[in-house]
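Single-structure report; data block below.
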Amino acid sequence: VQLQASGGGLVQAGGSLRLSCLASRRAASRRTFGRYGWFRRAPGKEREFVAGIRWRSGSTFHADSVKGRFTISGDKANTVYLQMNSLQPEDTALYYCAATFSDYGDYVKEGEYEYWGQGTLVTVSS
């Protein structure tokens, strides 16, 4: 199982980016992930939760700091997206996608997720 995050880049404040996270599994595996999450680590700070989605129901959960600006979603191709609008310099961070086979649990806890992508860098200039 691999998670590949992409879509990061340099954008001016007020701009938008869409991050993608593609989950690839061995063809023989029929298991699908129950939940996905996006986390970020800003320079000099600890990694923090950004948004999560329960795959089968489509229910989502967003951190207060991004609510109304960021939206997590997914499609049938096992790709999870993070649409980021109204970006601010404080959103500058390395963004990670994560996944777990568990359908239920605490979205915000890193320990809930067994699989992690490599991270994609988002830089917002003022």
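Index from 1, following the sequence. These values consider heavy atoms only, across backbone and side chains, with no hydrogens, waters or symmetry-generated copies.
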Quiz item: Can you tell me how far the NZ atom of Lys67 sits from the CZ atom of Arg69, to the nearest 0.5 Å?
Solution: 12.5 Å
Self-check item: Rounded distance [0.5 Å steps], OH in Tyr81 versus CD1 in Ile53
Solution: 11.5 Å
Quiz item: Within the side chain of His62, is there an N or O that forms a donor-acceptor pair under 3.5 Å with the backbone of Ile72?
Solution: yes
Quiz item: Does Tyr96 belong to the same Ile/Leu/Val/Met/Phe/Trp/Tyr cluster as Tyr115, with side-chain heavy atoms less than 4.5 Å apart forming each link?
Solution: no
Self-check item: Gap between atom OG1 of Thr71 and atom CG of Asn85 - 0.5 Å precision
Solution: 6.5 Å
Practice problem: To the nearest 0.5 angstrom, please state how far the SG atom of Cys21 sits from the CH2 atom of Trp116. | Solution: 10.5 Å
Quiz prompt | Common cluster, Val108/Leu82, ILVMFWY with side-chain heavy-atom separation under 4.5 Å | solution = no
Self-check item: Gap separating the CG atom of Asp106 from the CD atom of Glu112, nearest 0.5 angstrom
Solution: 5.5 Å
Quiz item: Within the distance-only criterion (no hydrogens, no angle test), does the side chain of Arg35 pair as donor or acceptor with the backbone N or O of Tyr104 below 3.5 angstrom?
Solution: yes
Quiz item: Is Gln88 reaching over with its side chain to a backbone N or O of Ser86, donor-acceptor style, under 3.5 angstrom?
Solution: yes
Quiz prompt | Hydrophobic cluster membership, Tyr95 vs Val11, 4.5 Å side-chain cutoff | solution = yes
Self-check item: side chain to side chain contact (heavy atoms under 4.5 Å, CB included) between Ser16 and Gln83, worked out
Solution: CA-CA 8 Å; Ser16 299; Gln83 178 65 44; 4.0 Å; yes
Quiz item: When you check the side-chain N and O atoms of Thr92 and Arg40, is any donor under 3.5 Å from an acceptor?
Solution: no
Quiz item: Pairs in or reaching into residues 117-126: which pass side-chain hydrogen bond (donor to acceptor under 3.5 Å, both in side chains), with residues at least two apart or in two chains?
Solution: none
Quiz prompt | Worked check of side chain to side chain contact (heavy atoms under 4.5 Å, CB included) between Phe39 and Glu110 | solution = CA-CA 8 Å; Phe39 289 76; Glu110 293 184 31; 3.7 Å; yes
Self-check item: Carboxylate-amine/guanidinium proximity below 4.0 Å for Asp103 and Arg54
Solution: no
Exercise. Determine, step by step, whether Phe33 and Leu3 satisfy the side chain to side chain contact (heavy atoms under 4.5 Å, CB included) criterion, reporting the C-alpha distance in whole Å, the side-chain angles of both residues, the deciding distance to 0.1 Å, and the verdict.
Key: CA-CA 11 Å; Phe33 288 120; Leu3 298 177; 4.2 Å; yes
Self-check item: Side chain proximity check, Phe70 to Val50, heavy atoms < 4.5 angstrom
Solution: yes
Quiz item: Between Arg41 and Glu48, is there a salt bridge with N-O shorter than 4.0 Å?
Solution: no
Exercise. Please answer: with hydrophobic residues joined when any side-chain heavy atoms are less than 4.5 Å apart, are Leu19 and Trp55 in the same cluster?
Key: yes
Practice problem: Any chance you could lay out the side chain to side chain contact (heavy atoms under 4.5 Å, CB included) test for Tyr107 and Phe49, step after step, and finish with the verdict? | Solution: CA-CA 8 Å; Tyr107 280 114; Phe49 171 80; 3.8 Å; yes
Quiz item: Regarding Ser102 and Thr100, is there a side-chain donor-to-acceptor distance under 3.5 Å anywhere?
Solution: no
Practice problem: Could you tell me if the ring centre of Tyr36 sits under 6.0 Å from that of Tyr113? | Solution: no
Quiz item: Is NZ or CZ of Arg47 both nearer than 6.0 Å to the six-membered ring centre of Trp38 and within 45° of the ring axis?
Solution: no
